[in-house]
Student: 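Right, I'll just put the structure down here and ask away after.
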Amino acid sequence: MTKDVAELLLTIGWSPAQVLTVLALQSVATALLQAGASHYAQVRLRFDSFRGLGKARMSMHREPSGVEWPYGTFLRRLEPPVRTVLLDLGVRRRVPTGQILIHEGTHESHLVLLEAGLTKVTASLPDGRSALLSLRVGGDLVGEMSALNDKPRSATVTACGSIRYSVIPRERFNRFLREHPQAAVELAAMVSDRLRWSNRRRIDFTSYAVKVRVARVVAELCRTHGRRSRDGVVIDVRLTQPELATICGAAETSIQKTLRELRADGLLDTDYRRITVRDLPRLRALGKLDPDEG
């Protein structure tokens, strides 16, 4: 099974270092589960087990009162006592919009735990442009790949507004994982989910027309960053059309044409870097998403 997974990852374009990191995390998680990690951790390791979870109880020590960490983030995955320990590990910082938290190509090994705000993850393309790889919000952990494999940063992380975060040294985080097996299992689950998302984008690029890809990405943004309003679902992520084009794997002109069509169909409205989805069920149907996706 491990050999098959490695061959698959190499086939879809992952580097040997990335493959080794994922397999190492898989081995750690398996060992922890065999050693008697909690039933909760075993269940949470499955990708689909996140659905239907009740609201996590917030610790009163370091977490802001009333905070509910977003679905899928690393902090959301942890039990409150373990989450409190993690929040105490790093040195807190706050930066304004546009500040770079992690620079692509630098040789660093610390991790960044986002506590509030939105960041975008980008990578340089051969033609000089930047590709938007993903978005990370409060509760997310970034920089874990370099911390695990001691390789240069593979992407740049930039603040899209005021950001509060903690810088956690690699050695301190590794000790935290040894002392809290559940966190190590959840780290493996997080990497697995990100691999699944990356693979889904690759499949979308080769299997679907641009209009379908845009519908799928926008529907997913509704789930992760949307808020209900009287006009529909407002996506609180300021994305430029070039950024939306890179995350959808399409030309900017194609994105402009698709957005005009979606507006004409009454599915969404666009304002300055803001998207309001007026008919989410129809958008999901256009994106060929299952009812519980997006």
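What you see below is based on every heavy atom in this structure, not just the backbone, and it leaves out hydrogens, waters and symmetry mates. Just so we're clear, the structure is a prediction, and the values are computed from it rather than from any experiment.
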Student: Between Ala123 and Ser154, what is the shortest heavy-atom contact and its length?
Tutor: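 What the structure gives for the nearest pair is CB-O, 4.2 Å.
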
Student: Are His110 and Pro169 close enough that some pair of their side-chain heavy atoms sits under 4.5 Å apart?
Tutor: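 Of all side-chain heavy-atom pairs linking Pro169 with His110, none is under 4.5 Å.
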
Student: Side-chain contact, heavy-atom cut-off 4.5 Å: Asp88 with Thr84?
Tutor: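 The answer is yes; the side chains approach within 4.5 Å.
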
Student: For Leu87 versus Leu113, what's the shortest heavy-atom pair and its separation?
Tutor: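 Looking at all heavy atoms of both residues, the closest pair is CD2-CD2, 4.0 Å.
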
Student: Enter the distance from Leu111:CG to Ser166:OG here, rounded to the nearest 0.5 Å.
Tutor: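 It is 11.5 Å, given to the nearest 0.5 Å.
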
Student: Let me see the working for Trp69 and Leu78 under side chain to side chain contact (heavy atoms under 4.5 Å, CB included), right down to the final yes or no.
Tutor: CA-CA 10 Å; Trp69 301 106; Leu78 301 179; over 6 Å; no

Student: Contact between Glu144 and Phe74 at the side-chain level, heavy atoms closer than 4.5 Å - yes or no?
Tutor: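 The answer is no; the side chains never approach within 4.5 Å.
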
Student: Short question: side chain of Ser192, backbone of Ala188 - any donor-acceptor pair under 3.5 Å?
Tutor: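 No, Ser192 side chain to Ala188 backbone: no donor-acceptor pair under 3.5 Å.
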
Student: Once you round to the nearest 0.5 Å, how far does CD1 of Ile168 lie from CZ of Phe176?
Tutor: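 CZ of Phe176 is found 8.0 Å from CD1 of Ile168.
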
Student: Please check this pair: side chain of Arg164 against backbone of Ala116, looking for a donor-acceptor N/O pair closer than 3.5 Å.
Tutor: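 A pair under 3.5 Å: no.
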
Student: Working to the nearest 0.5 angstrom, can you tell me the gap between Arg284 CZ and Asp279 CG?
Tutor: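 Arg284 atom CZ to Asp279 atom CG measures 10.5 Å (nearest 0.5 Å).
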
Student: Mind checking the OG1-NZ spacing from Thr253 to Lys257? Nearest 0.5 Å is all I need.
Tutor: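 NZ of Lys257 is found 10.0 Å from OG1 of Thr253.
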
Student: Is any side-chain N of the basic residue among Arg175 and Glu171 closer than 4.0 Å to the acidic one's carboxylate O?
Tutor: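 So Arg175 does not pair with Glu171 through a salt bridge.
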
Student: Could you check whether any side-chain heavy atom of Leu262 comes within less than 4.5 Å of a side-chain heavy atom of Leu286, counting everything from C-beta outward?
Tutor: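 Yes, close enough: below the 4.5 Å cut-off.
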
Student: With distance as the sole test, does Arg216 use its side chain to make a donor-acceptor pair with the main-chain N or O of Tyr208 at under 3.5 Å?
Tutor: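 No, Arg216 side chain to Tyr208 backbone: no donor-acceptor pair under 3.5 Å.
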
Student: If we ignore hydrogens and angles and just use 3.5 Å, is the side chain of Gln182 paired with the main-chain N or O of Val82 as donor and acceptor?
Tutor: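 Such a contact is absent between Gln182 side chain and Val82 backbone.
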
Student: I'd like to know if the side chain of Arg170 reaches the main chain of Ala147, judged simply by a donor and an acceptor atom lying under 3.5 Å from each other, with no hydrogens or angles considered.
Tutor: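 It does hold such a pair.
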
Student: Going from CG on Leu86 to NE2 on His180, what distance comes out if it is rounded to the nearest 0.5 angstrom?
Tutor: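 So the gap between those two atoms works out to 9.5 Å.
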
Student: Heavy atoms only: give me the nearest Arg153-His103 pair and the separation to one decimal.
Tutor: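 Reported closest heavy-atom pair: CB-O, 3.2 Å.
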
Student: Looking at every heavy atom in both Thr270 and Arg263, which two are closest together, and how far apart are they?
Tutor: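 That closest heavy-atom pairing would be OG1-NH1, 2.7 Å.
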
Student: Measure across Cys248 and Arg213 and return the closest heavy-atom pair with its distance rounded to 0.1 Å.
Tutor: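 Shortest heavy-atom separation between Cys248 and Arg213 comes out as O-NE, 2.8 Å.
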
Student: Suppose we screen for side-chain hydrogen bond (donor to acceptor under 3.5 Å, both in side chains). Which residues come up paired with Arg278, at least two apart in sequence or across chains?
Tutor: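 Arg278 satisfies side-chain hydrogen bond (donor to acceptor under 3.5 Å, both in side chains) with Asp269 once adjacent residues are dropped.
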
Student: I'd like to check Thr119 versus Ile163 (side-chain heavy atoms, cut-off strictly below 4.5 Å). Are they in contact?
Tutor: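 Yes - at least one pair of side-chain heavy atoms lies under 4.5 Å apart.
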
Student: Would you find a donor on one side and an acceptor on the other, under 3.5 Å apart, between the side chain of Arg172 and the backbone of Leu89?
Tutor: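 It does hold such a pair.
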
Student: Any side-chain to backbone donor/acceptor pair from Ser109 onto Asp150? Under 3.5 Å, distance only.
Tutor: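 No.
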
Student: Please test Val277 against Val218 for side chain to side chain contact (heavy atoms under 4.5 Å, CB included), starting from the C-alpha separation and ending with a verdict.
Tutor: CA-CA 8 Å; Val277 176; Val218 172; 3.6 Å; yes

Student: Enter the distance from Thr158:OG1 to Arg136:CZ here, rounded to the nearest 0.5 Å.
Tutor: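 CZ of Arg136 is found 13.5 Å from OG1 of Thr158.
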
Student: Side-chain contact test, heavy atoms from C-beta onward, threshold under 4.5 Å: evaluate it for Arg228 versus Val233 and give yes or no.
Tutor: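 In short, these two side chains touch, coming nearer than 4.5 Å.
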
Student: Quick one, Phe173 and Leu187 - any side-chain contact, counting heavy atoms below 4.5 Å?
Tutor: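 The answer is yes; the side chains approach within 4.5 Å.
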
Student: Is there a side chain to side chain contact (heavy atoms under 4.5 Å, CB included) between Leu141 and Arg77? Walk through the geometry before answering.
Tutor: CA-CA 11 Å; Leu141 188 69; Arg77 298 167 190 258; over 6 Å; no

Student: Please tell me if the side chains of Ser146 and Glu108 come closer than 4.5 Å, counting only heavy atoms from C-beta onward.
Tutor: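 No, their side chains stay 4.5 Å or more apart.
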
Student: To check you understand the geometry: which heavy-atom pair defines the closest contact between Ile102 and Gly143, and what is its length?
Tutor: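 Closest heavy-atom pair between Ile102 and Gly143: CD1-CA, 3.9 Å.
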
